[in-house]
K.L.:
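Take a look at this one; I'll ask things after.
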Amino acid sequence: MKAPVAVFAIGNRSRGDDAAAPALLDRLQAWLASEGPRQDFELFEAYQLQPEDALDLAGRRVALFIDASRAVNAGVAFREEAPRAGLAATHALAPAALLDLYGKLGLGPPPPAFVMEIGASRFELGEGLSREAEAALERAWPLLCGLASAARPEAWRALAGGEGSQVPADRVAPVAAPRSPR
Amino acid sequence: MTYALETAERPETLRRVAIDPVSRVEGHGKVTILLDDASKVHQVRLHVVEFRGFERFIQGRPYWEVPVMVQRLCGICPVSHHLAASKAMDAIVGATRLTPTAEKVRRLMHYGQILQSHALHFFHLCSPDLLFGFASEAGRRNIVGVAQAHPETARRGVLLRRFGQEVIRVTAGKRIHGTGSVPGGVNKAVTPAEREELLKDIYAIVGWCRDAVRMVKELHGQDPALYNSFGVFRSNMMSLVGADGGLDFYDGRLRARDDTGKILFDGVDYRDYRRFIREEVKPWSYMKFPFLAELGAEKGWYKVGPLARVQNCDHIRTPLAEAERREFVDYAGGSPIHAPLAYHWTRMIEMLHAAETIKDLLHDDDILGDDLLASGERGREGIGVVEAPRGTLIHHYRVDDDDLVTLCNLIVSTTHNNQAMNEAIRHVAKRYLSGREITEGLLNHIEVAIRAFDPCLSCATHALGQMALEVSLVDAEGREVDRLARHGDGGVLRGGGA
């Protein structure tokens, strides 16, 4: 039986702010292990999305992609994602392209999917998180906990904004009940 | 030593076209083509232009870290580096013979690697060219384009790769960059539950692999003139073969044949590789040019990988793949096939063999055992060789009394095929580009030839790949006269120039 929620953390832990999503995934994993609905979640970590990751979307109630992004300066953006054609690349797929591929592979309509972008600026090999990314991570964590506490598409849609739009602090705070396990 | 079309006599008088970077190929490769005013080709080179120095920074690291570290050479076949390094480090810990569980779990991991990598190579990276045409719309030449036009083919490609990745996850702990193999053995066996999960799918996987061989045979049959002649050149071939002369990806002895199929050497202990293989350096590439020592640089270069392996071995142990091997050998009437596009045919035969072998190993209770490690008298030097998806992979280390690596030498599959790939693209450039207006589709012919051998230059280039392709046409004074740019989304723009 598949867990109803799939969370993909995209990034390379060795490349500066690209480690933001894996770091957030670590927190989520620890929180789920201690006080969250662990059985409802399956967590994936990837350097980049590959065509095979479409198979991990099958049978889910909802999916979340977390990634570092230069487009979101020191903040957090959260939006619903739709399948989009024409974004195909060989080495890595954007979430929208993965959702598009899902349909083309004959798997039916993909599950509702959302993207959380963590503000990032530096991606050099061997570097740690920048201060800006650390700050963005702290803002992302309560939002993620809120999402994990109410992992339903309709609840997530209520928090989602448009592409690149940051999630205001006052929309994050009310769902920031769980404490960080760090 | 230089070859035809390797170095033009008066390069300053020629126009230069560069494919930089080569796309749908991991790692940073570049092709430069020099043309005269009549667009006749005078020089073609596949360059590896970046250097990461893996062999250098491995030095000083503890030997037990190495099987994990070296996987960072590659995201497509990290398991091959993981296992070649592990085999080398077996000698350091004195494990002259692994336990049956360790040997079979490593084999299972490696054959899972061959399966996933061959599926990726053929379905994801090369099938768009073969199904749509080399000069078809660039934005369509990717796995999503295949999924649009041939959904079942794409679906099987994706599922085949995922199955191979699952075999790796079960044996190595992760789909990419696992840690299952350690000096002297493995750190985990397969659990009964993991075996049952994999057994559920393996019969369908074997069936799909048979269909994949059928598909590539049909492609050859539809256009034999193209498939038999595209980029063709003759060369020596080298690979490991098993103790019984059979195809073996994990272990064996080195065998080389000349271009007629005559054996040049056989039964060579791979620890003696330096007696049989030399490497030449050229100033225009960071990738070395290996050759067979007894023949010298001019005549001793060779090719490795599926086309070499399937023709170098005496037989394949598994019945379905063996039947396909015989049909392949019969196709050319008994003489070796050298056509680069035949790499795909042999690649699919190997993928079938990998699936059959995984099935056999999953039925072997030894993979469930708990005797995981062997050890013995401490050694100072270790050499590990496997057949990686693209060909023979050599890892060689020396370790001091403090357990730190003092020497690291890697000869990777891509490097073995360096001269062969250069030959292939020279033939293609001469046949398809000479005297014609350069278009993206024509340049893709060059890339098709490279991809037939290898979709991944990263272990040889030591640099991360990029997706965009930019081709600039520069006149003898260095002025850009034309430019084609292909972006990551497949869109092509023409512009720039004087």
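The figures that follow rest on heavy atoms only: side chains count, while hydrogens, waters and symmetry mates do not. Chain naming here is simple, since letters A, B, ... match the order of the sequence lines and numbering starts at 1 in each.
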K.L.:
What do you reckon, are the aromatic ring centroids of A:Y47 and B:H177 less than 6.0 Å apart?
P.N.:
yes
K.L.:
In a check of side-chain contact (heavy atoms from CB on, under 4.5 Å) between A:M116 and each of A:V72, A:D67, A:V76, which one passes?
P.N.:
A:V76
K.L.:
A:D17 side chain to A:R122 main-chain N or O, any donor-acceptor pair under 3.5 Å?
P.N.:
yes
K.L.:
In terms of heavy-atom proximity below 4.5 Å to chain A, should B:E152 be classed as side chain, backbone, both, or neither?
P.N.:
neither
K.L.:
Hey, which of B:R155, B:R175, B:R162, B:Q165 has the most heavy atom pairs under 4.5 Å with chain A?
P.N.:
B:R162
K.L.:
What about A:F114 and A:F78, are their ring centers closer than 6.0 Å?
P.N.:
yes
K.L.:
Please classify the contact of A:D100 with chain B as side chain, backbone, both or neither, using a heavy-atom distance under 4.5 Å.
P.N.:
side chain
